[in-house]
Amino acid sequence: MQSKTENKTLLQKADNFSEWYNEILKRAEILDVRYPVKGVYTWYPYGYKLRNLTYSILKALMDREHEEVLFPLLIPKDELMKEKEHIKGFEDEVFWVTKGGSTDLDIPLALRPTSETAIYPVFKVWIRSHRDLPIRIYQVVNAFRYETKHTRPLIRLREITSFKEAHTAHASRADAEKQIKTAIATYQEFFDLLAVPYIITRRPNWDKFPGSEYSIAFDTLMPDGKTMQIATCHLLGESFARTFDIKYEDDDGALKFVNQTCYGISERCIAAVIALHGDDHGLVLPPEVAPIQVVIVPIVFSSKGKSEAVEKACSEVYDGLKEAGIRAFLDDSDERPGAKYYRWEMKGVPLRIEIGPRDLSSNSCVFVRRTDFQRIPVPLSDVVPEVNRAIKEIQELIHELAKETFFANIHISKCAIEDKEGMDELRRTAEHNIVSLFLCEDERCGADLEQRIGVTVLGVAINENEGDGKCIICSRKARRVYVARAY
RNA sequence: GGGGCAGUAGGGUAGCCAGGUUAUCCUCGUGGCUUUGGGAGCCAUGGACCCCAGUUCGAAUCUGGGCUGCCCCA
């Protein structure tokens, strides 16, 4: 599996993002797309390590106030169909299990497209009293959606392999709303650790999660200028509680419906890490999630009899890093150093340490950072603290670069519909940028705008207190919304 | 949702129209020797016609269906 570098040519990220993305997944051994079912893919060991490190961060954040659970993959049809609005949003993309062997099942079973209808009947049984509340649970599971549009690894899948979904139930709406705020803050922490910049918006009513009162979404900007939704938080209110009859007895003895929320993140977060930070040499992984944070490359001359000293120095450095809890790898394979450099650059290893006879003569080694290929001599005695410093710096550098690009691509528009030229320019800008403009809440205005300039309305930015303006379409009172071409 | 194109070894290609033991390249695999401060060289060698059905003496090639992928339009 660990093939030699497959291709010498550099990849052109800026020219053809789509091709770059597919090549990177293959060459860096993240995902193998050669599986004969549409929209489902195989994680390579390296990719799966990246996935697990990313999700261990997410789980640690969730574990602060949630408990991890595991609900079944199969959902009986009658449960799935209970919530009318909810099922309307999903029915065209549900996979069905209709047979057991050669026998038709009495009740067809759905492969979960999401787990509300699996979890909430159980909530009904679990919740009796206000003392049972709040309930906060999450699970990391696979989910299935029969996507009819063209599928894309990690981004548009028929099997979502890494769906982290949280579900909470509360005694009051205020508690539920508070939970949404906490969830948003947690997700902010998460994406900050991944060095992935985002905007947070409240989705328009016509685009909210089916069955919810409102949906808050995180979007990032991909290198091809389209936004990608990377997280959502939904206030469900009492709608599912009424459907699934989830009631609790309050301290005054009255039976009341619970208030619910749910929020989720999928492997799109990994697609974002890959897409945003990578360059023409391959992946650039933030040290926080890099399966290998430091690779040590020995420079060995077998003919000169110096290899033993080099090998010894490399193992000592390796042992020191391991002991310090750093994810290090010593590449003592038979390949030439140059081949190793290219390999580990492709795989996004943040820091490389080279140790050769020349370095040993001065008791030092050379650090090379993946971000800018800067070469820094470091005394062997300082390796561990210097590595710690370097990976911290690299993490910050990656984040700064990503934010810089992101915010440079958000444009404020003051355009009005009568301004023909302005609208043309807006259309061009929106091809590769996020645009902020005034739009009212009327679905017809949204649809009109989407059609005119070829964008999706992402929603009103939360935490932004800019005053009202005039809707770009109808001139009625409106708030600032973000629009962009979206994945 | 509509239309078009494609699928040949790990990755690329040619062959298909006009059916006859396929072939070729590589930064692929394997073995060997020489190498090793930015993708090593030589020699030897390995491996494929997407699946199912049909036509035919004979199918990578023709026909039909399926699966998978890509592109364009909405």
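Letters go in sequence order (proteins before strands), and every chain restarts at 1. Note that these values count all heavy atoms, side chains included, but never hydrogens, waters or copies made by symmetry.
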- Message: In whole Å, I'd like the distance from the CD1 atom of A:I453 to the P atom of B:A74.
- Response: 16 Å

- Task: Kindly point out which of B:U68, B:U36, B:G69 is positioned nearest to the side chain of A:R158?
- Result: B:U68

- Item | A:R352 NZ/CZ over A:Y341 ring centroid, <6.0 Å and within 45° of normal | yes

- Message: Pick the closest RNA chain B nucleotide for A:K149 and for A:Y41 by heavy atoms, then say which residue is nearer the 5' end.
- Response: A:Y41

- Query: Under 3.5 Å, is there a donor-acceptor pair linking the side chains of A:E288 and A:Q395?
  - Reply: no

- Query: Atom NZ of A:K38 and atom P of B:A6: how far apart are they, to the nearest Å?
  - Reply: 19 Å

- Across every strand shown, the nucleotide meeting Watson-Crick or G-U wobble geometry with B:U24 (both distances under 3.5 Å) is B:G12

- Parallel, tilted or perpendicular, as decided by the 30° and 60° cut-offs, for the rings of A:F329 and A:W344: tilted

- Task: May I have the distance from A:M346 (atom CE) to B:G38 (atom P), rounded to whole angstrom?
- Result: 19 Å

- Task: Determine the Euclidean distance between corresponding P atoms of B:U30 and B:G19; express it in Å to zero decimal places.
- Result: 41 Å

- Base, sugar-phosphate alone, or nothing: which one does A:E345 contact when heavy atoms must sit under 4.0 Å apart? base

- Distance, rounded to the nearest Å, where A:N22 contributes CG and B:G11 contributes P: 14 Å

- Message: Can you measure A:R343 atom CZ to B:A40 atom P for me and round it to whole angstrom units?
- Response: 11 Å

- Query: Would you say the base of B:G38 and the side-chain of A:R352 have a donor-acceptor pair closer than 3.5 Å?
  - Reply: yes

- Task: Using Watson-Crick or G-U wobble geometry with both distances below 3.5 Å, tell me the partner of B:A59, or none.
- Result: none

- Item | A:D92 CG to B:G1 C1', straight-line distance once rounded to whole Å | 12 Å

- Query: Are the aromatic ring centres of A:Y41 and A:Y35 under 6.0 angstrom apart?
  - Reply: no

- Pairwise P distance for B:A48 and B:A60, with rounding to whole Å: 14 Å

- Item | Partner nucleotide, any strand, of B:C5 [Watson-Crick/G-U, under 3.5 Å] | B:G69

- Euclidean distance for C1', B:C62 against B:C49 (whole angstrom): 16 Å

- Between B:G38 (C1') and A:R375 (CZ): distance, integer Å: 9 Å

- Taking NZ, NE, NH1 and NH2 as the nitrogens, is one of them in A:R479 or A:E441 under 4.0 Å from a carboxylate oxygen of the other? no

- Message: Given B:U36, B:G69, B:C71, identify the nucleotide with an atom nearest to the side chain of A:P337.
- Response: B:U36

- Task: For nucleotides B:A18 and B:U27, find the distance between their C1' atoms and express it as a whole number of Å.
- Result: 37 Å

- Task: Could you work out the separation of B:A14 and B:G7 based on their P atoms and round it to a whole Å?
- Result: 9 Å

- Query: Under 4.0 Å between a side-chain N/O of A:R34 and OP1 or OP2 of B:C50, yes or no?
  - Reply: no

- Ignoring hydrogens and angles, does a donor from either the side chain of A:E335 or the base of B:G38 sit under 3.5 Å from an acceptor on the other? no

- Query: Does B:A18 have a Watson-Crick or wobble partner in any strand here, with both distances under 3.5 angstrom, and which is it?
  - Reply: none

- Message: Measuring to OP1 and OP2 of B:G37, would you say a side-chain N or O of A:R358 lies under 4.0 angstrom away?
- Response: no

- Which of B:A40, B:G38, B:G37 is nearest the side chain of A:A339? It is B:A40

- Query: Considering only the P atoms, how many Å lie between B:C70 and B:U24, rounded to the nearest integer?
  - Reply: 31 Å

- Query: Does B:C49 have a Watson-Crick or wobble mate here (both distances under 3.5 Å), and if so which one?
  - Reply: none

- Answer yes or no: does a side-chain N or O of A:R336 lie under 4.0 Å from OP1 or OP2 of B:U35? no

- Task: Check every strand shown and say whether A:G39 touches a base, only sugar-phosphate, or nothing at a heavy-atom separation below 4.0 Å.
- Result: sugar-phosphate

- Message: What's the gap between B:G66 and B:U22 when it is taken at their C1' atoms, as a whole Å value?
- Response: 27 Å

- Using the C1' atom on both, measure B:C73 against B:G11 and round to a whole Å. 32 Å

- Is the cationic atom of A:K208 (NZ for Lys, CZ for Arg) positioned less than 6.0 Å from the six-membered ring centroid of A:Y214 and within 45 degrees of its normal? no

- Paired with B:A44: which nucleotide, if any, by Watson-Crick or G-U wobble criteria at under 3.5 Å for both distances? B:U30

- Out of A:D279, A:L283, A:L31, which residue meets the side-chain contact (heavy atoms from CB on, under 4.5 Å) rule with A:I24? A:L283

- Task: Provide, to the nearest angstrom, the distance between the CD atom belonging to A:E23 and the C1' atom belonging to B:U27.
- Result: 12 Å

